[in-house]
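One is the number of the first residue; the rest follow in order along the sequence. Quantities reported herein were computed from a predicted structural model and do not represent experimental measurements.
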Amino acid sequence: MNIGVLEYDKEIAYQLTGIIKESCPHIQVKLWDNSGELKEDISNGGMYRILFLSLEKEAMDIIEYSRRLQELHTGVKVIYVTELNESVFEAFHSTPTYILARPLNVSHVKKALEKALFELNQSKEKNFTIINKQGIFTIPYTKIFYVESDKRKLNIYGEEGLVKTINLKISDFLRYEHGMFFLQCHKSYAVNLMHISQLEKYEIVLENGMKLPISQSRYMETKSRYMTYLENE
(Lines give C-alpha, C1' and ligand atoms only; values in the text may rest on other atoms or scores of the structure.)
Protein backbone atom coordinates (compact mmCIF):
# COMPACT_ATOMS: atom_id res chain seq x y z
CA MET A 1 0.00 0.00 0.00
CA ASN A 2 1.16 3.53 -0.79
CA ILE A 3 0.56 6.72 1.20
CA GLY A 4 0.81 10.15 -0.42
CA VAL A 5 1.74 13.39 1.37
CA LEU A 6 1.15 16.86 -0.08
CA GLU A 7 3.01 19.33 2.14
CA TYR A 8 4.55 22.70 1.24
CA ASP A 9 6.48 23.14 4.48
CA LYS A 10 9.65 21.00 4.37
CA GLU A 11 9.90 20.71 8.15
CA ILE A 12 6.31 19.47 8.50
CA ALA A 13 6.77 17.15 5.50
CA TYR A 14 9.84 15.62 7.16
CA GLN A 15 7.96 15.25 10.45
CA LEU A 16 4.92 13.63 8.81
CA THR A 17 6.86 11.14 6.70
CA GLY A 18 8.99 10.24 9.71
CA ILE A 19 5.95 9.43 11.84
CA ILE A 20 4.35 7.38 9.05
CA LYS A 21 7.50 5.35 8.40
CA GLU A 22 8.03 4.76 12.11
CA SER A 23 4.42 3.60 12.58
CA CYS A 24 4.21 1.59 9.33
CA PRO A 25 7.69 0.70 8.06
CA HIS A 26 6.20 -1.63 5.42
CA ILE A 27 4.32 1.21 3.71
CA GLN A 28 5.71 3.27 0.82
CA VAL A 29 5.42 7.07 1.23
CA LYS A 30 5.36 9.51 -1.73
CA LEU A 31 5.91 13.21 -1.02
CA TRP A 32 4.79 16.16 -3.18
CA ASP A 33 5.53 19.84 -2.51
CA ASN A 34 2.87 21.17 -4.90
CA SER A 35 -0.63 20.13 -5.97
CA GLY A 36 0.29 19.94 -9.65
CA GLU A 37 2.71 17.06 -9.04
CA LEU A 38 0.10 15.24 -6.94
CA LYS A 39 -2.56 15.52 -9.65
CA GLU A 40 -0.15 14.51 -12.40
CA ASP A 41 1.04 11.48 -10.42
CA ILE A 42 -2.50 10.25 -9.77
CA SER A 43 -3.66 10.95 -13.34
CA ASN A 44 -0.72 8.80 -14.54
CA GLY A 45 -1.95 5.85 -12.49
CA GLY A 46 -0.44 6.50 -9.06
CA MET A 47 -2.42 4.53 -6.45
CA TYR A 48 -2.60 5.93 -2.91
CA ARG A 49 -4.98 4.48 -0.33
CA ILE A 50 -4.27 7.26 2.21
CA LEU A 51 -3.56 10.93 1.40
CA PHE A 52 -2.25 13.54 3.84
CA LEU A 53 -3.14 16.86 2.17
CA SER A 54 -2.02 20.28 3.32
CA LEU A 55 -4.61 23.06 3.02
CA GLU A 56 -1.93 25.76 3.40
CA LYS A 57 -2.32 26.75 -0.27
CA GLU A 58 -5.22 26.45 -2.72
CA ALA A 59 -7.40 24.99 0.04
CA MET A 60 -10.67 25.11 -1.89
CA ASP A 61 -9.07 23.54 -4.96
CA ILE A 62 -7.54 20.71 -2.90
CA ILE A 63 -10.85 20.04 -1.13
CA GLU A 64 -12.77 19.93 -4.41
CA TYR A 65 -10.11 17.68 -5.96
CA SER A 66 -10.36 15.36 -2.94
CA ARG A 67 -14.14 15.23 -3.26
CA ARG A 68 -13.95 14.25 -6.93
CA LEU A 69 -11.18 11.73 -6.27
CA GLN A 70 -13.25 10.05 -3.55
CA GLU A 71 -16.22 9.84 -5.91
CA LEU A 72 -14.05 7.94 -8.39
CA HIS A 73 -12.17 5.88 -5.79
CA THR A 74 -14.39 5.38 -2.76
CA GLY A 75 -11.69 3.58 -0.80
CA VAL A 76 -9.30 6.57 -0.64
CA LYS A 77 -8.88 7.99 2.87
CA VAL A 78 -8.06 11.70 3.14
CA ILE A 79 -6.39 13.38 6.13
CA TYR A 80 -6.14 17.17 5.97
CA VAL A 81 -3.39 19.23 7.59
CA THR A 82 -4.47 22.83 8.20
CA GLU A 83 -4.52 25.89 10.39
CA LEU A 84 -7.69 26.60 12.38
CA ASN A 85 -9.40 28.82 9.80
CA GLU A 86 -12.37 28.79 7.43
CA SER A 87 -10.86 25.98 5.35
CA VAL A 88 -11.60 23.61 8.26
CA PHE A 89 -15.33 24.03 7.67
CA GLU A 90 -14.96 23.78 3.89
CA ALA A 91 -13.06 20.52 4.36
CA PHE A 92 -16.28 18.74 5.25
CA HIS A 93 -17.55 19.27 1.69
CA SER A 94 -15.39 16.22 1.00
CA THR A 95 -15.19 13.21 3.34
CA PRO A 96 -12.03 13.48 5.43
CA THR A 97 -11.04 10.67 7.75
CA TYR A 98 -9.27 13.13 10.06
CA ILE A 99 -8.23 16.80 10.23
CA LEU A 100 -4.85 17.58 11.77
CA ALA A 101 -4.14 21.05 13.12
CA ARG A 102 -0.79 22.80 12.91
CA PRO A 103 1.57 22.60 14.71
CA LEU A 104 1.46 18.84 14.43
CA ASN A 105 0.96 16.66 17.47
CA VAL A 106 2.69 13.28 17.04
CA SER A 107 -0.01 11.32 18.87
CA HIS A 108 -2.72 12.95 16.73
CA VAL A 109 -0.88 12.01 13.52
CA LYS A 110 -0.63 8.40 14.72
CA LYS A 111 -4.34 8.37 15.62
CA ALA A 112 -5.22 9.72 12.17
CA LEU A 113 -3.10 7.05 10.49
CA GLU A 114 -4.54 4.28 12.67
CA LYS A 115 -8.10 5.45 11.94
CA ALA A 116 -7.46 5.50 8.17
CA LEU A 117 -5.89 2.02 8.24
CA PHE A 118 -8.76 0.71 10.37
CA GLU A 119 -11.37 2.11 7.96
CA LEU A 120 -9.53 0.60 4.99
CA ASN A 121 -9.37 -2.74 6.75
CA GLN A 122 -13.10 -2.64 7.51
CA SER A 123 -14.29 -1.47 4.10
CA LYS A 124 -11.98 -3.30 1.73
CA GLU A 125 -13.12 -6.41 -0.08
CA LYS A 126 -10.40 -8.73 1.12
CA ASN A 127 -9.60 -10.50 -2.13
CA PHE A 128 -6.20 -11.03 -3.69
CA THR A 129 -6.53 -10.96 -7.48
CA ILE A 130 -3.96 -11.73 -10.16
CA ILE A 131 -4.65 -11.19 -13.87
CA ASN A 132 -2.21 -12.83 -16.30
CA LYS A 133 -2.07 -14.81 -19.55
CA GLN A 134 -3.51 -17.87 -17.83
CA GLY A 135 -6.62 -15.97 -16.74
CA ILE A 136 -7.87 -14.37 -13.53
CA PHE A 137 -7.07 -15.82 -10.13
CA THR A 138 -8.90 -14.55 -7.04
CA ILE A 139 -8.65 -15.78 -3.47
CA PRO A 140 -9.99 -14.16 -0.27
CA TYR A 141 -7.25 -12.87 2.01
CA THR A 142 -8.87 -14.80 4.84
CA LYS A 143 -7.97 -18.05 3.03
CA ILE A 144 -4.27 -17.18 2.67
CA PHE A 145 -2.17 -18.24 5.65
CA TYR A 146 1.22 -17.16 4.30
CA VAL A 147 3.21 -16.63 1.13
CA GLU A 148 6.69 -17.90 0.33
CA SER A 149 9.20 -16.32 -2.01
CA ASP A 150 10.95 -18.68 -4.40
CA LYS A 151 13.24 -16.51 -6.54
CA ARG A 152 10.80 -14.58 -8.76
CA LYS A 153 7.87 -16.83 -7.96
CA LEU A 154 5.46 -16.61 -5.04
CA ASN A 155 3.93 -19.69 -3.43
CA ILE A 156 0.56 -19.02 -1.79
CA TYR A 157 -0.38 -21.31 1.11
CA GLY A 158 -3.76 -21.89 2.72
CA GLU A 159 -4.88 -24.03 5.63
CA GLU A 160 -4.37 -27.27 3.70
CA GLY A 161 -1.09 -26.35 2.03
CA LEU A 162 -0.02 -24.91 -1.33
CA VAL A 163 -2.86 -23.14 -3.17
CA LYS A 164 -1.16 -21.43 -6.11
CA THR A 165 2.25 -20.45 -7.51
CA ILE A 166 2.43 -17.17 -9.41
CA ASN A 167 5.11 -15.02 -11.04
CA LEU A 168 5.49 -12.27 -8.45
CA LYS A 169 8.19 -11.04 -6.08
CA ILE A 170 7.33 -10.87 -2.39
CA SER A 171 8.27 -7.18 -2.32
CA ASP A 172 5.70 -6.46 -5.06
CA PHE A 173 3.08 -8.49 -3.20
CA LEU A 174 3.55 -6.32 -0.11
CA ARG A 175 3.92 -3.01 -1.90
CA TYR A 176 0.26 -2.10 -2.11
CA GLU A 177 -2.73 -2.94 0.07
CA HIS A 178 -1.51 -6.49 0.70
CA GLY A 179 0.82 -5.01 3.29
CA MET A 180 -2.23 -4.20 5.43
CA PHE A 181 -2.88 -7.88 6.06
CA PHE A 182 0.55 -9.46 5.75
CA LEU A 183 3.74 -9.12 7.74
CA GLN A 184 7.12 -10.01 6.28
CA CYS A 185 8.77 -11.93 9.10
CA HIS A 186 11.64 -13.30 6.99
CA LYS A 187 13.17 -12.47 3.61
CA SER A 188 11.31 -15.48 2.16
CA TYR A 189 8.04 -15.38 4.10
CA ALA A 190 5.11 -13.03 4.69
CA VAL A 191 2.42 -14.18 7.11
CA ASN A 192 -1.26 -13.27 7.33
CA LEU A 193 -1.68 -11.50 10.68
CA MET A 194 -5.15 -12.95 11.24
CA HIS A 195 -3.85 -16.55 11.17
CA ILE A 196 -1.07 -16.20 13.73
CA SER A 197 -1.78 -18.39 16.75
CA GLN A 198 1.42 -17.79 18.67
CA LEU A 199 4.50 -15.62 18.34
CA GLU A 200 7.66 -16.93 19.91
CA LYS A 201 11.19 -15.64 19.67
CA TYR A 202 12.27 -16.17 16.08
CA GLU A 203 9.26 -18.37 15.26
CA ILE A 204 5.58 -17.93 14.35
CA VAL A 205 3.01 -20.65 14.94
CA LEU A 206 -0.05 -20.53 12.68
CA GLU A 207 -3.59 -21.72 13.42
CA ASN A 208 -3.01 -24.90 11.40
CA GLY A 209 0.16 -25.70 13.37
CA MET A 210 2.55 -24.61 10.63
CA LYS A 211 5.66 -22.82 11.89
CA LEU A 212 7.46 -19.98 10.11
CA PRO A 213 10.87 -18.51 10.95
CA ILE A 214 11.38 -14.90 12.06
CA SER A 215 14.64 -13.29 11.01
CA GLN A 216 16.61 -11.90 13.91
CA SER A 217 16.71 -8.49 12.20
CA ARG A 218 12.90 -8.53 11.78
CA TYR A 219 11.93 -9.77 15.23
CA MET A 220 11.21 -6.41 16.90
CA GLU A 221 9.21 -5.12 13.92
CA THR A 222 7.29 -8.42 13.76
CA LYS A 223 6.44 -8.27 17.45
CA SER A 224 5.43 -4.60 17.28
CA ARG A 225 3.14 -5.02 14.27
CA TYR A 226 1.48 -8.11 15.69
CA MET A 227 0.82 -6.34 19.00
CA THR A 228 -0.68 -3.37 17.12
CA TYR A 229 -2.87 -5.78 15.15
CA LEU A 230 -4.12 -7.42 18.36
CA GLU A 231 -4.88 -4.03 19.93
CA ASN A 232 -7.05 -3.07 16.94
CA GLU A 233 -8.96 -6.32 16.84
So does [X] have more than 12 non-hydrogen atoms from other groups sitting under 6.0 Å from [atom1]?
{"X": "Tyr202", "atom1": "OH", "answer": "yes"}
{"X": "Gln216", "atom1": "CD", "answer": "no"}
{"X": "Lys39", "atom1": "NZ", "answer": "yes"}

What closest approach, in Å, do [X] and [Y] show between heavy atoms, and which atom pair accounts for it?
{"X": "Ser54", "Y": "Glu7", "result": "CB-OE1, 3.4 Å"}
{"X": "Ile19", "Y": "Lys110", "result": "CG2-CG, 3.8 Å"}
{"X": "Ile204", "Y": "Thr222", "result": "CD1-CG2, 4.2 Å"}
{"X": "Ala190", "Y": "Leu174", "result": "CB-CD2, 4.2 Å"}
{"X": "Lys187", "Y": "Ser215", "result": "N-OG, 3.9 Å"}
{"X": "Ala112", "Y": "Ile79", "result": "O-CD1, 3.6 Å"}

Answer yes or no: is there a donor N or O on one side and an acceptor on the other, between the side chain of [X] and the main chain of [Y], under 3.5 Å?
{"X": "Tyr146", "Y": "Leu206", "value": "no"}
{"X": "His195", "Y": "Thr142", "value": "yes"}
{"X": "Arg225", "Y": "Phe182", "value": "yes"}
{"X": "Ser66", "Y": "Ile62", "value": "yes"}
{"X": "Glu40", "Y": "Ser43", "value": "no"}
{"X": "Ser23", "Y": "Ile20", "value": "no"}

*Under a 4.0 Å N-O cut-off, is there an ion pair linking Arg218 with Glu221?*
no
Rounded to the nearest 0.5 Å, what's the gap from [atom1] on [X] to [atom2] on [Y]? Could you check?
{"X": "Leu183", "Y": "Ser224", "atom1": "CG", "atom2": "OG", "result": "10.0 Å"}
{"X": "Tyr80", "Y": "Glu56", "atom1": "OH", "atom2": "CD", "result": "15.5 Å"}
{"X": "Cys185", "Y": "Glu203", "atom1": "SG", "atom2": "CD", "result": "10.5 Å"}

*Derivation and outcome, salt bridge (Lys or Arg N to Asp or Glu O under 4.0 Å), residues Glu114 and Lys111*: CA-CA 5 Å; Glu114 288 171 5; Lys111 284 180 181 178; over 6 Å; no
*Tyr98: what forms a ring-ring contact (aromatic ring centres under 6.0 Å, His included) with it, not counting sequence neighbours?*
none
*Evaluate the criterion side-chain contact (heavy atoms from CB on, under 4.5 Å) for residue pair Lys223 and Met227; output intermediate values, then yes/no.*
CA-CA 6 Å; Lys223 181 179 178 181; Met227 289 180 67; 4.0 Å; yes
_What verdict does the side-chain contact (heavy atoms from CB on, under 4.5 Å) test give for Phe145 and Val147, after you've listed the backbone C-alpha separation in whole Å, the side-chain angles of each residue and the deciding distance to 0.1 Å?_
CA-CA 7 Å; Phe145 274 54; Val147 297; over 6 Å; no
*Check the pair Ile12 / Arg102 against side-chain contact (heavy atoms from CB on, under 4.5 Å), numbers first and verdict last.*
CA-CA 9 Å; Ile12 293 177; Arg102 299 167 183 264; 2.5 Å; yes
*Give the C-alpha distance, both sets of side-chain angles, the deciding distance and a yes or no for side-chain contact (heavy atoms from CB on, under 4.5 Å) between Lys164 and Ile139.*
CA-CA 10 Å; Lys164 187 82 172 177; Ile139 181 172; over 6 Å; no
*side chain to side chain contact (heavy atoms under 4.5 Å, CB included) partners of Thr165, counting only residues at least two apart*: Lys153, Asn155, Leu162
